[in-house]
Amino acid sequence: MKQEVVETIRKTLELLNRQWGLDSIPDIDIEIPKNEAMGDIATTVAMGLTKILKKPPRKIAEEIVDAIKTNIIPPLPVAMLRSNGSPAPFLKGGEGGFDIFESIEIAGPGFINFRFRKEFFHQELKKLLTKEHSSLRTDTGKGMKVQVEFVSANPTGPLHVGHGRGAAVGNALCNILKAAGFEVQKEFYINDAGLQVKLLGKSVWARYLQLLGDDIPFPEDGYKGDYVESIAKEIINKKGEEYRNKSFEECGGFFTTYAYKMMLANIAKDLKDFGITFDKWQSEKELYEKGHVQNALQNLRQKELLYEKDGAMWFNSTGFGDDKDRVVIKQDGEYTYFASDIAYHKDKLDRGFDTIIDIWGADHHGYIPRIRSALAAFGLPKEKFKVILIQMVALLRRGVPVQMSKRSGEFVTLREVVDEVGADITKFIFLTRRADSHLEFDIEVAKEQSSENPVFYVQYAFARISSIFRQAEERKGQGDDEDKRQCLALLTEDEELLLIKKLLQYPMVFEGSAISCEPHRITYYLQELAGMFHSYYNKHRVISDDAGLTDARLCLCKAVQIVLKEGLNMLGVSAPERM
RNA sequence: GCGCCUGUAGCUCAGUAGGAUAGAGCAACUGCCUUCUAAGCAGUGGGUCAGGGGUUCGAAUCCCUUCAGGCGCGCCA
């Protein structure tokens with residue numbers, strides 16, 4: 001739908017440019033008019049040209065529309081036109097050679113509004129039914145390699161709902177990018193080298209001794225969650241009192257490794273049960289072991305971007321837009337967290353990704369400039385690194401905030417929410433907002449199978465259609481799909497054309513969602529589409545005595561189902577046949 | 001103090017790379033189930049897009065500023 005208009009405009013502009021003499025033709029912006037009365041699709045290209053051409057926008061729009069119209073008719077044979085030096089007729093987009101536009105009008109300050117003929121909608125609907133998802137996806141990525149790193153929670157405790165939101169967004173984004181022709185790698189970065197995992201190990205060690213009856217103090221700022229005790233108990237079961245009379249220096253390695261691996265396995269399971277898997281789990285520790293951290297710093301040193309000051313090693317990040325330089329090796333000789341992050345992001349580049357997307361909690365936003373400067377130092381253009389910030393989730397229960405405090409160990413885990421509410425609902429709700437927008441998540445409301453719950457609204461539309469098909473089959477054996485599609489011309493009700501139009505808008509929504517890395521656009525679209533279907537369903541009967549019309553309407557239902565399922569798949573949410 | 005994000009209907013939020021008369025859901029009110037799933041539909045009301053300047057054919061959107069809220073500003077991770 002978009003393509004036809006863009007092509008028409010582009011060719012027309014090329015033609016007109018013989019008079020205008022511009023160096024290049026501007027980008028052609030296409031939009032769906034807010035108001036149905038304004039047409040099916042519109043372009044603002046005339047307004048955009050006012051500055052360049054120094055003419056009023058409506059005047060330019062007139063020139064464009066005149067040029068389009070004079071080139072529609074007469075439909076001379078292509079060869080004749082070409083020998084004439086004129087462009088081939090470009091509005092015969094219909095497969096039978098019909099004009100695809102019903103009308104082309106100028107409106108407002110200089111919009112050009114296009115209205116398609118019914119035949120065009122029927123033809124496009126048929127394509128959708130035949131090609132299914134290949135007609136819904138755009139090749140935006142063209143095989144570009146993109147890496148998306150998300151969740152990357154410290155393996156020092158269970159995932160909380162905030163991680164869940166990041167997981168849902170990251171997962172959906174990856175689905176979308178893959179469908180949009182990107183080669184995507186989903187990655188989880190494991191902070192298994194720092195002080196935090198060591199502190200976890202120490203916490204488990206202390207609980208272990210306490211459980212065995214030793215009166216030893218719990219580490220300051222240690223992890224106090226119940227899971228720490230569970231791990232300690234498990235160690236007692238497996239190893240008994242083997243480590244009872246040893247200092248943490250002696251057996252800390254065991255406790256630390258055991259504990260974080262345990263937590264990591266938990267995290268992986270939580271994510272799996274949430275319906276999310278990763279292509280790669282990258283260990284920070286491994287970066288050290290393979291010498292990547294040392295190498296990355298060496299690389300910076302060769303570029304003369306490191307310097308020594310106050311007994312520490314600094315990276316000249318201000319040279320790349322950071323507001324202060326950052327320490328990479330501390331006075332005590334230890335690497336900073338930033339050092340391994342530099343190595344990690346360099347490693348991503350070395351692995352050949354064209355674009356790197358990091359999904360972080362919004363509280364890490366201050367970290368962006370330094371990572372950006374590190375990547376810039378290694379030669380990655382600014383626009384190839386993108387950070388998506390995930391805002392906090394405010395968890396509520398019947399409107400009352402549920403407090404989350406990792407310190408006390410009394411925080412609500414992703415698992416608790418998923419177990420109580422369900423994975424589909426949780427994911428969908430996480431995807432109903434822009435990532436960087438605050439999100440209220442009311443557990444009780446989410447659990448209610450009510451109209452307050454948008455996920456049911458969308459799934460219900462899908463299930464309803466499935467039900468219609470079950471009914472249709474019971475009534476009588478229908479012809480095959482190809483036969484039914486012959487009847488599409490019978491779809492002439494306003495609601496039917498609106499629905500088809502909405503279906504044909506999906507690729508634009510999808511493309512926008514991929515380019516902007518905003519999965520929620522699909523969520524909104526699905527709610528709108530489901531709404532239009534419910535409305536149609538209530539006004540018109542699909543199955544009737546009119547066999548042809550029934551077939552046509554079944555086709556329309558099928559198409560709605562295809563798009564609903566495609567969209568839900570992108571979000572990682574299931575499309576149930578029954579509800 | 002500096003930086004980033006946010007401020008849109010009573011509530012929760014969209015607003016598609018500056019576009020037309022700013023939208024949806026919820027809440028409130030009124031109707032619709034002996035026919036394909038009422039987890040649904042139809043209808044009604046609801047706005048100083050936080051305030052003020054500016055940029056231009058045109059601003060919720062871009063710039064400046066004020067106010068309010070959130071989050072960052074370690075040789076922590």
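Residue numbers start from 1 in every chain, and the chains themselves are labelled A, B, ... in the order their sequence lines are given, proteins ahead of strands.
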Open item on the list: What I want to check is whether the side chains of A/Tyr344 and A/Glu187 have a donor and an acceptor closer together than 3.5 Å.
Closed with: yes

- [ ] Using a 4.0 Å heavy-atom cut-off across all strands, classify A/Asp310 as base, sugar-phosphate, or nothing.
- [x] base

TODO: Using only heavy-atom distances, decide whether a donor-acceptor pair under 3.5 angstrom links the side-chain of A/Asn113 to the base of B/A20.
DONE: yes

- [ ] From the options B/A14, B/C75, B/A38, select the nucleotide whose nearest atom is closest to the side chain of A/His520.
- [x] B/A14

Open item on the list: Looking only at the side chain of A/Ala42 (C-beta and beyond, no hydrogens), which of the listed nucleotides B/A20, B/A77, B/G15 gets closest?
Closed with: B/A20

Task: Whole-Å gap separating C1' (B/C36) and NE2 (A/His540) - done: 14 Å

Open item on the list: Output the rounded distance in Å from CD1 (A/Ile371) to C1' (B/C4).
Closed with: 16 Å

- [ ] If B/C57 has a Watson-Crick or G-U wobble mate with both distances under 3.5 Å, name it; if not, just say none.
- [x] B/G19

Open item on the list: Let's see if you can work this out: which of B/C75, B/C57, B/G40 has an atom nearest to the side-chain heavy atoms of A/Ala312?
Closed with: B/C75

TODO: Counting heavy atoms from C-beta on, name the nucleotide in B/A20, B/C75, B/A77 closest to the side chain of A/Met38.
DONE: B/A20

- [ ] Look at the side chain of A/His365 and the base of B/C71, then say whether one donor and one acceptor between them are separated by less than 3.5 Å.
- [x] yes

TODO: Determine if the base of B/C33 is syn or anti; take syn to mean the glycosidic torsion is within 90° of 0.
DONE: syn

